[in-house]
K.L.:
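First, the structure itself, so that you have it in front of you.
Heavy-atom basis, side chains included; hydrogens, waters and symmetry copies ignored.
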Amino acid sequence: MNRQLGYKIFCGVARNVLLLLIVGQRVACLAEAAEASKDWPQFRGPSGSAHGSAALTDEWDPTRHVRWRYELPGPGGSSPIVVGNQVFLTAYSGYGVDERSPGDPRNLVRHLVCVDRHDGQRLWQRDIPAEEVVDNYADFRRQHGYATSTPASDGQRVYASFENSGVFAFDLTGKQLWHHRVGSRVHNWGSAASLTVDDRFVFVNAAVEEKALLALDKQTGEEVWRFERVIGSWSTPTPVDLPDGGREVLLNVKQRLLGLDRESGRQLWFYQTDESVAASTPTAVDGVVYLSSGNPRFVAALRVADRSDPNRPSLVWRTDGIGSGISSPLFYDGRIYVVDRSIAACLNAATGQIVAKTRLTPSEATFYASPIAAGKTIVAVSRDAGAYIFSVAPSFKMVANNRLDPSVFNGTPAVHDGELLLRSDGYLYCIGGQPRE
C-alpha cells in the first residue's frame with residue numbers, strides 16, 4: 001500500500017469517526033433535552049403551561065396508587081417542583097403550626113426540602129430561620145402559613161423565596177450560592193407569589209415586601225431592574241416569548257394586568273381589570289393571554305403580540321359572570337378551564353363561549369391550587385374537599401373526587417414521567433399512573 005492510498009484511507013476513517021461522534025453528541029443532546037422537558041421546574045410546570053403529557057389514573061387508592069408518602073417537616077402552601085430525580089418544596093415550623101397555640105414568631109423556621117422522586121426518601125434539607133419579624137398568625141395567614149411561594153429551578157440551581165427573609169439560591173446538592181433581601185414589609189395576608197426563571201433572570205413579585213417586581217441575575221442574585229408601584233398583587237410573574245420575537249413578563253396587579261419588557265422592566269402595556277386583589281396568574285399561548293378574575297368575575301383573552309394601540313392589548317373576548325380569583329386559568333386543547341367556589345367551567349379558547357359548567361359538591365369547596373392537565377384529564381385540587389378529576393374527551397365531566405388525608409391541600413400538583421406529585425400540610429405524595437402490583 002503506498003503512502004497516498006494509506007493517507008486517504010486514514011482520512012476517510014477519521015472523517016467517519018468524527019461524523020459518528022457528532023451524531024452521537026447530537027443524539028445525546030436531544031436525549032438530554034427530552035429528559036429535561038419532562039421536568040416540572042416551577043409553579044404550573046414548563047413555561048407555566050400546567051401541562052403534563054402522561055395519563056394518570058382517575059382513582060387514587062392509597063394502597064394501590066400511592067407509590068410513596070413523605071412526611072413533611074411542617075405545613076406550607078407552596079407547590080412541588082421536579083428536576084430530574086429530585087423533588088423540591090418548602091415548608092415551615094416553629095410558629096403558626098397550631099392555630100390554638102401559634103407560639104413565638106421568633107421561632108419561625110422555613111425549610112427547603114429535596115426528596116428522591118423514586119422512593120420518597122429525603123436527600124437533603126436546608127433550614128432557614130426567619131431574619132425579620134413576621135406578621136401574626138391571624139386573618140388569611142392561617143389559610144396558608146409562612147411557606148407559600150413555590151421554588152423554581154433552571155436545571156442547575158434551585159431558587160426559593162421566603163418573604164422578608166429574602167430569596168435564596170442553592171445548587172442541586174443543597175449548597176447555598178447566594179441570598180438577596182427583597183424588602184422588610186409584611187402583610188396580614190402574607191406573601192404568596194411564586195418565583196419564575198428564564199435564561200437570565202429570577203423574577204420576584206415583592207409587592208408585599210417592597211411594592212415592586214424585581215429581576216435578579218440568576219447567577220449572582222444581584223438586582224438588574226425593578227418595576228415599582230406594584231400594589232395588591234399575589235400573582236406569579238409570567239415570562240412570555242411572543243411570536244414576533246418580543247420578550248415580555250406579565251404581572252397581574254390591583255386593577256390591572258401589566259406587560260413589561262423583560263430586559264429593562266419598562267411598562268409596555270396594561271389591561272384594566274378593576275380587580276380589587278390580584279392573585280390569579282395569567283396563561284399565555286401563541287401571543288394570546290388568558291386572564292381570570294374573581295372580583296369582578298370574568299375570563300378574558302387578550303392579543304398582545306399585535307397591538308393596534310401601543311399601550312393596550314387587543315381584547316379578543318371577555319366572558320363575564322364566571323372566573324377564578326386565586327387559582328389560575330388552564331389552557332388545554334383549545335379550551336380554557338377555571339375552578340372557583342365549587343364551580344368548574346370550560347370555555348372555548350377562541351370565542352369565550354361557555355362549553356360546560358359543573359357545580360361541585362360539597363358546595364363549600366374552595367381552591368387555592370390551580371388546575372393542571374395530565375393526559376386526557378384535568379386535575380383540580382381543593383383545599384379540603386379532595387381532588388376533582390375531570391374527563392375532557394369527548395365531554396367535560398367530573399369522574400372522581402379523591403381524598404388522601406384530612407389536612408389542607410393548597411399546592412398545585414406537579415406531573416413527571418407518569419407520576420403526580422401532590423403536597424398537603426402533612427405529606428408529599430407520589431401517585432402513579434398505574435396501580436402497584
K.L.:
Restricting to non-hydrogen atoms, name the atom on R110 and the atom on S165 that form the minimum distance, rounded to 0.1 Å.
P.N.:
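In this case the closest contact between R110 and S165 is NH1-OG, 3.4 Å.
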K.L.:
Check whether NZ of the Lys or CZ of the Arg R256 lies under 6.0 Å from the centre of the six-membered ring of F270 and within 45 degrees of that ring's axis.
P.N.:
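That pair qualifies as a cation-pi contact.
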K.L.:
Is it true that, when you exclude R318 itself, more than 12 heavy atoms of the residues, nucleotides or ligands shown sit nearer than 6.0 Å to its CZ?
P.N.:
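Counting neighbours around CZ of R318, more than 12 heavy atoms of other residues, nucleotides or ligands fall under 6.0 Å, so yes.
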K.L.:
Any salt bridge linking D139 with R141? Criterion: basic side-chain nitrogen under 4.0 Å from a carboxylate oxygen.
P.N.:
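The answer is no: the pair does not qualify as a salt bridge.
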K.L.:
Could you measure the distance from the NE2 atom of H111 to the CG atom of L72? Nearest 0.5 Å is fine.
P.N.:
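Spacing of NE2 (H111) from CG (L72) equals 10.0 Å.
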K.L.:
Taking side chain as C-beta onward, heavy atoms only, is L428 less than 4.5 Å from V113?
P.N.:
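They are not in contact (no side-chain heavy atoms under 4.5 Å apart), so the answer is no.
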K.L.:
Measure from the side-chain N and O atoms of W68 to the backbone N and O of R117, and report whether any donor-acceptor pair falls under 3.5 Å.
P.N.:
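Yes, because the side chain of W68 sits within donor-acceptor range (under 3.5 Å) of the backbone of R117.
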K.L.:
Report the distance from atom OG1 of T238 to atom CG of L251, rounding to the nearest 0.5 Å.
P.N.:
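Here the interatomic distance stands at 8.0 Å.
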K.L.:
Step by step, work out the side chain to side chain contact (heavy atoms under 4.5 Å, CB included) result for S370 and F43.
P.N.:
CA-CA 9 Å; S370 297; F43 174 60; 3.7 Å; yes
K.L.:
Output, in order, the C-alpha distance, side-chain angles, deciding distance and verdict of side chain to side chain contact (heavy atoms under 4.5 Å, CB included) for L421 and C430.
P.N.:
CA-CA 5 Å; L421 286 305; C430 176; 3.9 Å; yes
K.L.:
Taking the six-membered ring of F227 as reference, does the NZ or CZ atom of R229 fall below 6.0 Å from its centre and within a 45° cone about the axis?
P.N.:
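Yes, cation above the ring, under 6.0 Å and within 45°.
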K.L.:
Counting distance only, does the side-chain N/O of S233 pair as donor-acceptor with the main-chain N or O of N252 below 3.5 Å?
P.N.:
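Yes, the answer is positive, given that a donor and an acceptor are paired below the 3.5 Å cut-off.
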K.L.:
Looking only at heavy atoms, what is the nearest atom pair of Y388 and A365, with distance?
P.N.:
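Smallest interatomic distance, heavy atoms only, reads OH-CB, 3.6 Å.
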K.L.:
What are the two closest non-hydrogen atoms of A301 and L315, and how far apart are they?
P.N.:
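For A301 and L315, the tightest heavy-atom pair comes out as O-CD1, 3.6 Å.
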K.L.:
For the pair W124 and F170, name the ring-plane relationship: parallel under 30°, tilted 30 to 60°, perpendicular over 60°.
P.N.:
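Aromatic pair W124/F170 classed tilted.
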K.L.:
Between the side chains of S293 and T273, is a donor N or O closer than 3.5 angstrom to an acceptor N or O?
P.N.:
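Looking only at side-chain atoms, T273 and S293 do not form any donor-acceptor pair under 3.5 Å.
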K.L.:
Between atom CZ of F390 and atom CG of D58, what is the distance when rounded to the nearest 0.5 Å?
P.N.:
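Rounded to the nearest 0.5 Å, the CZ-CG separation comes out at 12.0 Å.
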K.L.:
Determine, step by step, whether R247 and D198 satisfy the salt bridge (Lys or Arg N to Asp or Glu O under 4.0 Å) criterion, reporting the C-alpha distance in whole Å, the side-chain angles of both residues, the deciding distance to 0.1 Å, and the verdict.
P.N.:
CA-CA 10 Å; R247 287 165 54 88; D198 69 1; 3.6 Å; yes
K.L.:
Between Y95 and L108 (side chain of the first, backbone of the second, donor and acceptor by atom type, cut-off under 3.5 Å), is there such a pair?
P.N.:
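No: the side chain of Y95 does not pair with the backbone of L108.
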K.L.:
Which pair of non-hydrogen atoms, one from V97 and one from P75, has the smallest distance, and what is that distance?
P.N.:
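Nearest heavy atoms, V97 then P75: CG2-CD, 4.1 Å.
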K.L.:
Other residues, nucleotides and ligands only: do more than 12 of their heavy atoms fall within 6.0 Å of CD on E263?
P.N.:
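Enclosed: over 12 neighbouring heavy atoms sit under 6.0 Å from CD of E263.
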K.L.:
Any side-chain donor paired with an acceptor under 3.5 Å for T283 and R44?
P.N.:
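Yes - a donor-acceptor pair under 3.5 Å links their side chains.
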K.L.:
Which heavy atom of S292 sits nearest a heavy atom of V338, and at what distance?
P.N.:
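Looks like OG-CG1, 3.9 Å.
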K.L.:
For the OG1 atom of T57 and the CG atom of L420, what is their distance to the nearest 0.5 Å?
P.N.:
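Separation between the atoms: 11.0 Å.
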K.L.:
Charged N to carboxylate O below 4.0 Å: is that the case for D217 and R200?
P.N.:
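Judged by the 4.0 Å cut-off on N to carboxylate O distance, D217 and R200 do not form a salt bridge.
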K.L.:
Please determine if R297 and D340 form a salt bridge, counting it only when a charged side-chain N lies under 4.0 Å from a carboxylate O.
P.N.:
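Yes, charged N to carboxylate O under 4.0 Å.
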K.L.:
Hey, mind stepping through Y70 and V87 against side chain to side chain contact (heavy atoms under 4.5 Å, CB included) and telling me if it holds?
P.N.:
CA-CA 11 Å; Y70 170 75; V87 183; over 6 Å; no
K.L.:
Please assess W234 against H144 for the test ring-ring contact (aromatic ring centres under 6.0 Å, His included), listing each intermediate value before the final yes or no.
P.N.:
CA-CA 13 Å; W234 283 263; H144 59 86; 9.2 Å; no
K.L.:
Between D425 and R383, is there a side-chain N and carboxylate O pair less than 4.0 Å apart?
P.N.:
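Salt bridge flag = no for R383 with D425.
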K.L.:
Is the number of heavy atoms from other residues, nucleotides or ligands under 6.0 Å of D286 CG greater than 12?
P.N.:
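No, because the 6.0 Å sphere around CG of D286 holds 12 heavy atoms or fewer from other groups.
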K.L.:
Check Y92, F162, W189 against Y146 for a ring-ring contact (aromatic ring centres under 6.0 Å, His included) and give me the one that passes.
P.N.:
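Considering Y92, F162, W189, a ring-ring contact (aromatic ring centres under 6.0 Å, His included) with Y146 is found only for Y92.
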K.L.:
Any side-chain to backbone donor/acceptor pair from S424 onto G426? Under 3.5 Å, distance only.
P.N.:
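Yes, because the side chain of S424 sits within donor-acceptor range (under 3.5 Å) of the backbone of G426.
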K.L.:
Roughly how far, to the nearest 0.5 Å, is CD1 of I322 from CD1 of I354?
P.N.:
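It is 4.5 Å, given to the nearest 0.5 Å.
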K.L.:
How close do V208 and S191 get, heavy atom to heavy atom, and via which atoms?
P.N.:
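Looking at all heavy atoms of both residues, the shortest contact is CB-OG, 3.6 Å.
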K.L.:
I'd like to check F396 versus Y337 (side-chain heavy atoms, cut-off strictly below 4.5 Å). Are they in contact?
P.N.:
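A side-chain contact under 4.5 Å exists here.
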